[in-house]
Visitor: 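Got a structure for you, written out below as structure tokens; questions coming shortly.
Proteins come first, then strands; the chains are lettered A, B, ... in the order of their sequence lines, and each starts at number 1. Basis for what follows: all heavy atoms, side chains included, without hydrogens, waters or symmetry-related copies.
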2 protein chains.
Amino acid sequence: MRAGETTASEDPKERILSAAGEVFAERGYEAATVRDICLAAGVNVAAVNYYFGDKQKLYNETVRQAHQRLVAQVPLSPWPEGTPARAKLRDFIGNVLERMLGFGRPRWQTRLMLREVLQPTDACRDLVEGYIHPQFQLLLSILGELADGQLEEPQLRQLAMSIIGQMFIYRAAGDVVGMLVPADEMASLHTPVPLADHITHSALAALGLAPPLTSSEPRA
Amino acid sequence: MRAGETTASEDPKERILSAAGEVFAERGYEAATVRDICLAAGVNVAAVNYYFGDKQKLYNETVRQAHQRLVAQVPLSPWPEGTPARAKLRDFIGNVLERMLGFGRPRWQTRLMLREVLQPTDACRDLVEGYIHPQFQLLLSILGELADGQLEEPQLRQLAMSIIGQMFIYRAAGDVVGMLVPADEMASLHTPVPLADHITHSALAALGLAPPLTSSEPRA
DNA sequence: GCTCATTTCAAACAGGCGTTTCAATCAGTT
DNA sequence: AACTGATTGAAACGCCTGTTTGAAATGAGC
């Protein structure tokens, strides 16, 4: 099949996938053009159809790959046995926020996922089943541990969705959030670490497991 | 200028705006075609350029009108003096959710706004200044009243964003939420009224103004 | 009934789109 | 060196896009 591939960035298929990720994430499926992707990848226009068949198949493959790389970054069993549930909650929220908002990995990966969440296509089902649903279940189990049998599953799901929503808005509507919050405050309070503290504290306080937000000194 | 307009739905300009709202909301700016809009409006393709100049100006006008109609539906001073702050909070959350998720008004109006929030264009600034920011300030004032001076402005803004996030996710990611929550539970718990109760109760509990969620009987 | 500005219509326009073509190039084998 | 199958490249193909055109239809004022 393949003839001579040297490094990953020399393989045209890789280069196209990477360029397509950026362009699709930035402009969306319709507005992204095959010509732009090929220009960014430094390959001929015909390469997309040669390697992937057509634009739609390239898109599906791009989403699939971004999704799988994202999954690979998430540790399967993050905590040693005996870790307190509230520590797990803080870790979970911090990790999700870091993955959503952090500047580490290429931004387009999560941005592409976000597009699928906002307006699902065929590629969305795999994303939910392979990535989002397991994370949701993990959060549910943490909350179940915290509630210690005092909340039913439906209430746990409501609470879980509340927590996810508080993180989600920063990723999905970050621009508007930036218009509502002063710039300096945006940089100091609405970033992964302080946000994770705030959201965790809110959830624990709502569960009666931490002092209310109005108390000036939250416990560590 | 105008020759003979009878009813609102007979005026071609109205019909185009209405059809454009649906199509733009459904497919987005790029994927929506002028021909589809005109077909839906029952007018000739040339009508868009005749009445609005070009596609971009039609889009701007569509967003502007949807935004203004939305604003017109929101009462300016909703509560009589002396209304308890927690009642205001419940009302506010309930109203926003009803406007976001309710089946009353044409769905495309809020969906179009949502598109602007997720990926702002020129039309977004007006939307934020004329609609979102005032609502945000209203929520801030309610929370300030509730906190009774025990929280600083930055903390109030964090809390406000948390509340908005919990509502926002249902509008922006409703499809995925529906994949994570059983269908019957979706219909019973994740609808405007029970959701408003849950979010209000969570916020009050986090502020120490209501019993924790784990307590089986929340106060009315 | 005529005038005249406004509005409608079918047809066409230029440009960009995804895709295809086919000759040129390349790498590996004989 | 010649053959072979995989890859690349420039150009072209239809098709669909937003937009324009110019003539036909419309309707109010006289």
Side-chain angles (χ1 to χ4, degrees), chain A residues 1-64 112 115 119 121-123, chain B residues 1-64 112 115 119 121-123:
Chain A
M1 280 299 177
R2 73 259 296 237
E5 96 196 9
T6 58
T7 73
S9 72
E10 288 290 339
D11 180 18
K13 217 165 164 177
E14 282 308 314
R15 289 222 311 277
I16 294 175
L17 274 174
S18 177
E22 289 188 53
V23 178
F24 280 137
E26 191 61 37
R27 307 186 217 176
Y29 180 79
E30 309 284 345
T33 76
V34 173
R35 280 177 171 81
D36 279 342
I37 292 171
C38 290
L39 185 68
V43 301
N44 191 270
V45 256
V48 161
N49 303 81
Y50 181 74
Y51 284 107
F52 297 93
D54 57 22
K55 182 187 179 183
Q56 183 65 56
K57 294 199 187 93
L58 168 61
Y59 178 79
N60 291 341
E61 188 58 24
T62 306
V63 173
R64 208 185 59 83
L112 203 56
R115 281 194 181 275
Q119 196 155 8
T121 71
D122 296 340
Chain B
M1 280 297 178
R2 73 264 295 244
E5 97 196 12
T6 60
T7 74
S9 72
E10 289 289 340
D11 180 17
K13 217 164 164 177
E14 284 306 315
R15 289 223 311 279
I16 294 175
L17 274 175
S18 177
E22 290 188 53
V23 179
F24 280 137
E26 192 60 37
R27 308 186 215 177
Y29 180 79
E30 308 285 346
T33 76
V34 173
R35 278 176 174 81
D36 280 342
I37 292 171
C38 290
L39 184 68
V43 301
N44 190 269
V45 256
V48 160
N49 304 80
Y50 180 76
Y51 284 107
F52 297 94
D54 58 23
K55 183 187 181 184
Q56 182 65 55
K57 294 199 187 92
L58 168 61
Y59 177 80
N60 292 340
E61 188 59 24
T62 307
V63 173
R64 208 184 60 81
L112 204 57
R115 281 195 183 275
Q119 197 156 6
T121 72
D122 296 340

Visitor: So, does B:R15 use its side chain to make a donor-acceptor pair with the main chain of B:A41 at under 3.5 Å?
Guide: yes

Visitor: Find the distance A:D11:CG to D:dA6:P and express it as a whole number of Å.
Guide: 16 Å

Visitor: Within the structure provided, determine whether A:D54 and A:K57 are in side-chain contact (heavy-atom separation under 4.5 Å).
Guide: yes

Visitor: Between C:dT19 atom C1' and A:Q56 atom CD, what is the distance in whole Å?
Guide: 15 Å

Visitor: Taking CD from A:E30 and C1' from C:dC17, how many angstroms apart are they, rounded to a whole number?
Guide: 11 Å

Visitor: So what does B:A31 touch, heavy atoms closer than 4.0 Å: a base, only the sugar-phosphate, or nothing?
Guide: nothing

Visitor: Are any side-chain N or O atoms of B:R115 and backbone N or O atoms of B:A25, one a donor and one an acceptor, separated by less than 3.5 Å?
Guide: yes

Visitor: Generate the contact string for nucleotides 8-13 of chain C. Rules: B means base contact, S means sugar-phosphate contact only, - means no protein heavy atom under 4.0 Å.
Guide: BBB-B-

Visitor: For a 4.5 angstrom cut-off between non-hydrogen side-chain atoms, does B:I37 reach B:L58?
Guide: yes

Visitor: May I have the distance from A:I37 (atom CD1) to C:dT19 (atom P), rounded to whole angstrom?
Guide: 11 Å

Visitor: Answer yes or no: is there a side-chain heavy-atom contact under 4.5 Å between B:F52 and B:N60?
Guide: no

Visitor: Please give, in whole Å, the distance from C:dT6 P to B:K13 NZ?
Guide: 13 Å

Visitor: Between D:dT19 atom P and B:N49 atom CG, what is the distance in whole Å?
Guide: 5 Å

Visitor: In terms of side-chain heavy atoms, does A:Q56 have a donor or acceptor partner in A:Y29 at a distance below 3.5 Å?
Guide: yes

